[in-house]
Every structure is written in C-alpha cells, then in structure tokens.
Amino acid sequence: MGSIEAILKRIEAGTADLIPREKLIAKLNHSLETGKPLRVKLGIDPSAPHLTLGHSIPLRKMRLFQDLGHTGVLVVGDFTRRIGDPSGCLSARGLMTQEEIRQNMETYKEQAFKILNPERTEVRYNSEWLGLLTFADVIELASKYTVARMLERDDFAKRFAENRPISVLEFLYPLAQAYDSVAVKADIELGGNDQRFNLLIGRDIQREYGQEPQVIITVPLLIGTDGVRSMSQSVGNYVGINEPPREMFGKLMAIPDSLIHDYFFYLTDVPYEEVKNLPPRDAKRQLAGEIITMYHGKEAADAAREEFDRVHIRRERPSEVSQVTIDRSLVKDDGTIWVIDLLQASGLVKSRGEAKRVISQGGVRINDERVSSIDLDLPFDPPILVQVGKRSFAEAV
RNA sequence: GGAGGGGUACCGAAGUGGCCAAACGGGGCGGACUGUAAAUCCGUUGGCAGCUGCCUACGGGGGUUCGAAUCCCUCCCCCUCCA
C-alpha cells in the first residue's frame, strides 16, 4: 500500500483527462478511512462481441482500481443500444434484440475478465433503470440540462455551425448515460477520450440528483493497426484480445513502426525505454510477445513468435497447414489438374479471375515452385502444397 | 406544406447518351525491397468462359433509343432551406 501520491501516479499514468484531480484524492482518502471501496464505472457498447486492444486501455485502468481494492462497475448500454444509433449522422447500426445483447455480453465478460478481477466487478444493464423511467421522468431529466450546454460539445458545435443535422436523440443520449452514473452511484467514470463530454454531463446530472459528482478519467483512443484511425471493429483495424495468438502476432508485426511507442505504453507493463534501442522489427516482436502472453499465456506467445519467424523470416511453410480435399472430378483423365481449378478448390482465392490475376502477378507457388503461367496442368499427386502470397497456405489432398 | 440538393463499386468521390466494368483517393490483394504482415516503390482490384466472348452492375420498377450510370415516367430513401 503506497502513499496517496504513489497511487495517484499510477492512476494518472497514460490518462488524457482526470477531472477534478483534488476530488479524486479526496475520494481515495475517504475510501481509505472508511474502508468503503469506490465505485468505478465503465460504460460498454453491447453491439461489439469482441474486445479489442483499444478496449483494454480503460479496462486495465479499471483493473488498477480493483487492485487498489475498489469496485468495477461495467454498465452495459443495452437500453440505449436498442433505441438506436448514438452518432446520428451515420445510418442506424441495426437494432439488436435483448437476446443478441445477452449473448454478446457473455463473450464480452469472458474476455473482460482476462483483464478484470471478477470478484470485484459488477455487471449492470442500463435497461434495469432506464427501462423504468416514465416519460415524465425523462422530461425531468431533460429539464436539467440546456441546449447551450449541449452545444458546447465540439462535435455538436461544429455540426450546428455547418447546418448539419443533430437529432434530439443525440441530446438524450448523453443524458441517459449520465443517468447511468446516478443509478450506479459512480464515484469515478472511465472512458475513452471521445467520451469526455458525456462523462462531464454525468457530473452535472449526479449533482442535480443529489449525489456527489463522479471524477472522470479518460484515456486516449488507441490508433488502430492502420496507423491512421482509432482502433475499431467496424473499420477493421483492430486486434482482438481473444484472437488466435498467431493472428495477434501477425497483426502486431504489421503495425506501422510509428505506433510502437504507444502500444508499449498503453497496452503493456513494459516500459518503452527497455525497447527503445531495438530495431523496430525486434521491438514489435517483443510487443507482440508481451501482449499475447497477457491474454493467452507465455507458451502461446512463444509458439506464435516461432511460427512467425518460420513463415516470414525463414520463409518456410507454417507448421500447420489446413488440408483441403479436392473434388476428384476436377482431375482429368490423364491424371492432371489445371492450376486454376486447384487454386479455386483449395479455397485460397475467391474467384477464378483472382486465381489468374494472382498467378500473373507471380504470387502462386505449388510445392514451393512459383507458377508462371495460367496454362499449367500439373499431375495430381497429393498432398500438394498450394501457396498464395506470403501467408496463405493450403494442402490439397 | 413549399423550394432545392442528392442516392455510383468495399469506402469516399468523379462521370450527365456511345471511347464506362465506370476517373481519382483510401482500403484490399500480388510483386520488389527489407532478416518486420512496417516504410517505400510497382502492379492489380465484378463474375463466368483455359485464347477477348458472355453475364451482372451506377437506389427500385417501367419507358425512350441502334445504344442509358447518363434522357423521360414512377416509386423508395437521405439531406438543406423556408413555413
């Protein structure tokens, strides 16, 4: 148990905002004195069944609080999710049924508990309380905030100025989220940087409902593997914490070198200084190893690294190549098979057009030999190792 | 209720009768390079057909035309302004 300053330092590491700092100190002290754990809230969107490394940042922060003896409260936005798209300007993301949400949450929890301490975690669904509000209650809630204050939000201000639409729902959304804080009596709310405004409204609304306002802690949004946009599943530039180690390793090796620092800093406990002087490739290998160890264990990480070295550095075939049974009717009377048929049957290409294209680009190898022409019949003598590009393999049998 | 703008491939966005399977950018894929699935550069990016022929495609449906993403009718959807 360190001093408050030491604790604070750990809490503050890697945060974007901590508002207000002195209230956090007061809350921590109060908790120490009374032995009453603080309630640390994190809202989660149930539409995403997979957790990404981006999610891991606030979750890791929550875990820190748990290690300090506090309670993590995961608030599943099932009610808000059923109402519709919070971002408004995009088309609705498809409404989900309660059942789908429950299912997502099961897999979600399983993943979240790789980071969190289940003993100190409460999972709550916001339909528990939002579903009970009457229209009068909603009006009351809405009366507690003004349009002017809503328009303080950068995104709203901009759209308002540019005559772009803002739906009323979008005003209700932060209020609903703020009400969640009232309902779970949050002492602290965690969130991504983009949530700052919403979290701040939570403070005002809690005050209106006679509660002590929560302290808000935001963490930066992690840049995705493309090095440009925030990590998100819809964009596809993500690494899921539940992904097979091999995939994680590959994706992490593929991040732009410029991201190495942030990934070490926000996703691992390894100080960046330790790898600062390594060549980027080696730093990334270590990064991937660290992260996979966290979510799959050391053995899996070692295996994944070995596999990567094997395929990409030594250019050997992977240790396990999936087998594909070839439909014998493709084998001609003379016992040969046309490469195009073989490629398509092996499932490595989506169409025969792609098969031809990829051959003409020199990307196809059969039994380690590059195929130079699409007019190739080869003896069907299984097993045949088929390779497209650097990393797609299949064994035709 | 009125006026106007718009719906194009995975995404963004050009194209307003044939030269359009559709510019350009992003993404994806392949190659070169690199002891990285990084960066950079080059190529490629609807399907079928084993030699350039067919099919599907520019919000849906119908029509005009030798020929339509482009013109007309109609329906659906989105947006802006005025009320």
Side-chain angles (χ1 to χ4, degrees), chain A residues 84-85 87-93 159-167 170 223-239 243-264 275 278-292 304-318 330-332 334 336-345 347-366 370-378 386-393:
Chain A
D85 176 30
S87 65
C89 51
L90 303 168
S91 58
R93 290 187 287 178
R159 283 198 276 158
F160 190 68
E162 292 170 10
N163 289 329
R164 300 209 322 268
I166 302 169
S167 81
E170 291 183 78
I223 300 296
T225 53
D226 58 357
V228 181
R229 287 180 285 184
S230 305
M231 183 173 284
S232 112
Q233 283 172 75
S234 50
V235 175
N237 58 351
Y238 72 100
V239 180
E243 279 190 86
R246 222 191 113 171
E247 281 301 305
M248 290 180 89
F249 203 96
K251 286 187 178 182
L252 288 166
M253 287 305 285
I255 62 171
D257 293 353
S258 57
L259 251 38
I260 297 174
H261 167 83
D262 279 7
Y263 275 40
F264 264 105
V275 299
L278 291 177
R281 191 200 60 147
D282 295 331
K284 282 197 262 187
R285 291 174 89 219
Q286 193 167 332
L287 173 71
E290 284 297 329
I291 291 174
I292 296 168
R305 181 188 296 112
E306 169 54 27
E307 189 67 12
F308 184 87
D309 288 354
R310 186 188 176 90
V311 177
H312 295 289
I313 295 181
R314 298 200 299 274
R315 297 283 166 112
E316 293 167 14
R317 69 180 66 173
L330 294 171
V331 180
K332 289 175 291 196
D334 61 359
T336 64
I337 183 167
W338 185 31
V339 247
I340 302 297
D341 286 330
L342 179 64
L343 276 174
Q344 186 169 45
L348 298 180
V349 294
K350 286 195 283 294
S351 68
R352 322 188 100 221
E354 183 182 341
K356 291 173 187 176
R357 199 181 303 136
V358 137
I359 288 179
S360 67
Q361 292 176 147
V364 174
R365 285 165 190 274
I366 303 288
R370 178 165 293 180
V371 176
S372 52
S373 162
I374 63 170
D375 295 310
L376 176 68
D377 289 313
L378 36 104
V386 186
Q387 178 183 0
V388 175
K390 293 189 180 75
R391 56 195 174 109
S392 307
F393 295 85

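Within every chain, numbering begins at 1; the chains are lettered A, B, ... in the order of the sequence lines, protein sequences first and strands thereafter.
Where A/P280 and A/V364 each meet RNA chain B at their nearest nucleotide, the meeting point lying more 5' is that of A/V364. Where A/V388 and A/R391 meet RNA chain B, the nucleotide closest to each residue was compared, and A/V388 sits on the side nearer the 5' end.
B/rA9 makes up no base pair with any nucleotide shown, lacking Watson-Crick or G-U wobble contacts both under 3.5 Å. Figure legend. B/rA49 is base-paired to no nucleotide; pairs are counted as Watson-Crick or G-U wobble with both atom distances under 3.5 Å. Under the Watson-Crick or G-U wobble criterion, with both distances below 3.5 Å, B/rG17 has no partner in any strand shown. Base pairing annotation: B/rG1 forms a Watson-Crick or G-U wobble pair with B/rC82, both donor-acceptor distances under 3.5 Å. In this structure B/rC41 sits in a base pair with B/rG31, meeting the Watson-Crick or G-U test at under 3.5 Å.
Look at CZ on A/R315: it is 11 Å from P on B/rG35, rounded to the nearest Å. Taking atom CZ of residue A/R314 and atom P of nucleotide B/rU36, one finds them 13 Å apart after rounding to whole Å. Between A/R365 atom CZ and B/rG31 atom C1' there is a gap of 11 Å when expressed in whole angstrom units. Atom pair A/Q387:CD and B/rC29:P shows a separation of 15 Å (rounding to whole Å applied). The interatomic distance linking A/N237 (CG) with B/rG27 (C1') rounds to 11 Å, in whole Å. In this entry the distance linking CZ of A/F249 with P of B/rA37 reads 11 Å, nearest Å. With rounding to whole Å, A/E307 atom CD is found 14 Å from B/rA37 atom P. Between A/K390 atom NZ and B/rA37 atom P the separation is 6 Å, expressed in whole Å.
Residue A/R281 places its side chain closer to B/rU36 than to any other of B/rG30, B/rC29, B/rU36. Nearest nucleotide to the A/V358 side chain, out of B/rG30, B/rA37, B/rA32: B/rG30.
Nucleotides B/rC54 and B/rG60 have their C1' atoms positioned 26 Å apart, rounded to a whole Å. Here, B/rA21 and B/rA32 have their P atoms 33 Å apart, quoted to the whole Å. For the C1' atoms, the distance linking B/rC48 with B/rG12 amounts to 30 Å, nearest Å. For the C1' atoms, the distance from B/rA68 to B/rA83 is 39 Å, rounded to whole Å. Taking the C1' atoms as reference points, B/rU45 lies 10 Å from B/rA9, given to the whole Å. Here the separation of B/rU80 from B/rG17, taken at their C1' atoms, is 30 Å to the nearest Å. One C1' atom belongs to B/rU64, the other to B/rC73, and the distance between them is 10 Å to the nearest Å. If you take atom P in B/rC71 and the same atom in B/rG7, they sit 12 Å apart, rounded to whole Å.
If you take CZ on A/R357 and CD1 on A/I374, they are separated by 12.0 Å, rounding to the nearest 0.5 Å.
Listed by chain and number, the residues in a side-chain contact (heavy atoms from CB on, under 4.5 Å) with A/R365 are A/R370, A/Q387 (sequence neighbours excluded). For A/F308, the side-chain contact (heavy atoms from CB on, under 4.5 Å) criterion is met by A/F249, A/M253, A/H312, not counting sequence neighbours. A search for side-chain contact (heavy atoms from CB on, under 4.5 Å) contacts involving A/R352 returns A/W338, A/I340, A/D341, A/Q344, not counting sequence neighbours. By the side-chain hydrogen bond (donor to acceptor under 3.5 Å, both in side chains) test, A/D257 is found to be paired with A/K284, residues two or more places apart in sequence or in another chain being considered. Residues passing the side-chain hydrogen bond (donor to acceptor under 3.5 Å, both in side chains) test with A/D309, sequence neighbours excluded: A/R285. Remark: A/P318 engages A/R246, A/E307, A/V311, A/V321, A/F393 in a side-chain contact (heavy atoms from CB on, under 4.5 Å) (not counting sequence neighbours). Qualifying salt bridge (charged side-chain N to carboxylate O under 4.0 Å, His left out) partners for A/K356, counting only residues two or more places apart in sequence or in other chains: none.
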>> Walk me through whether A/I313 and A/R281 qualify under side chain to side chain contact (heavy atoms under 4.5 Å, CB included).
In response: CA-CA 11 Å; A/I313 295 181; A/R281 191 200 60 147; 2.8 Å; yes
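With hydrogens and angles ignored, a donor-acceptor pair closer than 3.5 Å exists between the side chain of A/Q361 and the base of B/rG43.
With contacts defined as side-chain heavy-atom distances shorter than 4.5 Å, the pair A/L287/A/I255 qualifies. Using a 4.5 Å cut-off on side-chain heavy atoms (C-beta onward), A/Y238 and A/E243 make contact. Side-chain atoms of A/L378 and A/I337, non-hydrogen and from C-beta on, do get closer than 4.5 Å to each other.
Distances shown here put every side-chain N or O of A/H312 at or beyond 4.0 Å from the OP1 or OP2 atom of B/rU36.
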> Taking protein heavy atoms under 4.0 Å as touching, what does nucleotides 47-58 of chain B look like 5' to 3' if B marks base contact, S marks sugar-phosphate-only contact and - marks none?
Replying inline: SSBB--------
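Note on A/G250: a base of the nucleic acid sits closer than 4.0 angstrom, heavy atoms only.
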Pairwise N/O distances under 3.5 Å, protein to nucleotides 38-40 of chain B:
| from | atom 1 | to | atom 2 | distance (Å) |
| --- | --- | --- | --- | --- |
| B/rA38 | O4' | A/K284 | NZ | 3.1 |
| B/rA38 | O2' | A/D257 | N | 3.1 |
| B/rA38 | N3 | A/D257 | OD2 | 3.3 |

